[in-house]
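Whatever order the structure lists them in is the order used to number ligands and atoms, beginning at 1.
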Amino acid sequence: MSKPVYENIPIIDLSLFETDQQTCVQQTKDACENLGFFYLKNHGISQEKIAEIFNIAKLYFEQHSYEEKMKYALNEHYHGYAESRKENLDITRKNGDVKESFTIGEFNDKNEAKTQILPPFLKEKAEFIAPFLKECHSLCLKIFQIFAIALEIQQSEGGMHWFEERHRSDTNSCMRFNHYPPMDKFDPEEIRAGSHTDYGSITLLFQKSVGGLEIQPPDTDKWFPVPVIPNHILINIGDCFSFWTKGKFKSIMHRVSFNNENFSLDRHSIAYFCIAGPDIKLDPIPSKFIPTNENDKDEKILTAGEHLMRRASAAYGSY
Ligand SMILES: O=C(O)CCC(=O)C(=O)O
Ligand SMILES: [Fe+2]
């Protein structure tokens with residue numbers, strides 16, 4: 001029997017930002033404080049482009065041998081190809097995740113990859129992939145405006161542009177194609193993506209037909225399925241927002257598991273990880289909602305780059 005669907009994942013209509021900003025901001029604030037996950041509709045990225053990026057990812061995985069893929073294995077930025085079991089998102093588990101992935105970093109204005117050498121197949125598609133990444137990034141910047149308004153960051157501190165400024169250029173943002181191959185038999189000991197929180201600021205997750213994503217809402221030890229809703233992007237808060245808001249915005253555990261219905265099916269997903277510049281500090285933001293106290297001064301403040309590298313190296317081991 002399938003598990004009940006968690007019914008409280010909010011759906012935010014981004015067109016409200018233009019027509020009823022107050023409602024949009026309040027709904028988003030509630031979503032970030034309660035669950036840290038929400039669906040976005042009317043987000044402005046066309047379904048045709050999303051279908052095309054899934055198509056590119058699928059062809060990349062299908063049309064290249066293991067040896068060919070490994071020529072572009074993960075580099076020092078953790079960009080590139082990661083074979084099945086390479087990543088182990090839940091470091092308490094023995095076996096790695098049953099998935100292969102390809103991570104693409106930022107492009108320059110000439111649509112050239114800045115952080116890696118792309119395999120010829122993806123390089124040929126850069127005219128499509130680079131603007132798609134930029135569109136994802138612009139959507140994230142718009143979401144950050146909503147967050148800054150929600151947190152009432154003072155004009156003198158940067159106001160609604162506070163988070164945007166920290167994600168302007170030369171960030172560690174990246175897009176990851178995930179391919180979860182089918183299993184011959186259902187084995188409850190295996191997992192497609194171990195339980196984890198995301199390391200960056202926010203993640204845009206594009207899901208497609210086959211589900212399996214589950215979340216663990218705050219203060220529970222239960223897992224709830226996150227259904228795929230066509231034409232909606234799933235947004236989740238990453239660790240950096242939890243640091244910036246002292247836990248007010250939730251970065252919650254999620255995983256992709258096998259179940260009796262999906263173990264024999266191929267699964268594809270695409271994540272855009274929006275990550276701040278490497279030197280951006282993760283200290284509490286100037287907001288009346290985030291109290292500061294004397295002890296804050298004694299705490300070692302991480303940068304976004306330090307946090308990312310710690311978590312990525314734990315999950316991937318050596319590159
Ligand atoms: O594939 C998915 O649905 C989720 C993947 C995920 O959580 C991640 O890559 O951080
Ligand atoms: Fe994740």
Using distance alone, determine whether His254 and ligand 1 share an N or O pair under 3.5 Å. yes
Vertex the Fe ion (ligand 2), ends His196/NE2 and His254/NE2: angle to nearest 10° comes to 90°
Does this structure show an ion pair linking [X] with [Y], if we count only N-O contacts that are shorter than 4.0 Å?
{"X": "Lys250", "Y": "Glu33", "value": "no"}
{"X": "Lys281", "Y": "Glu306", "value": "no"}
{"X": "Glu189", "Y": "Lys94", "value": "no"}
{"X": "Lys58", "Y": "Asp266", "value": "no"}

Residue portion contacting ligand 1 (non-hydrogen atoms closer than 4.0 Å) for [X]:
{"X": "Thr203", "result": "neither"}
{"X": "Leu89", "result": "neither"}
{"X": "Ala193", "result": "neither"}

Judged by heavy atoms only, the candidate from Met253, His196, Lys208, His179 nearest atom 10 (O) of ligand 1 is His196
Of Arg267, Arg176, Gln207, the residue with the heavy atom nearest atom 3 (O) of ligand 1 is Arg267
Looking only at protein heavy atoms, what sits closest to atom 5 (C) of ligand 1 is Tyr180 OH, 3.5 Å
Atom 4 (C) of ligand 1 sits nearest the protein heavy atom Val256 CG2, 3.7 Å
Measure up the His179 and His268 rings against each other and bin them: parallel (under 30°), tilted (30 to 60°), perpendicular (over 60°).
-> parallel
Do the rings of Phe144 and Phe147 sit parallel, tilted or perpendicular, given the 30° and 60° boundaries?
-> tilted
One finds that the ligand 1 atoms under 4.0 Å from a non-hydrogen atom of Phe273 are 8 (C), 9 (O), 10 (O)
Are Lys29 and Phe289 in a cation-pi contact, defined as NZ or CZ under 6.0 Å from the six-membered ring centre and within 45° of the axis?
yes
Among the N/O/S atoms of Asp198, the Fe ion (ligand 2) lies closest to OD1
Audit row: Lys142, Glu18, salt bridge (charged side-chain N to carboxylate O under 4.0 Å, His left out) steps and yes/no = CA-CA 11 Å; Lys142 189 165 176 184; Glu18 262 69 57; 3.4 Å; yes
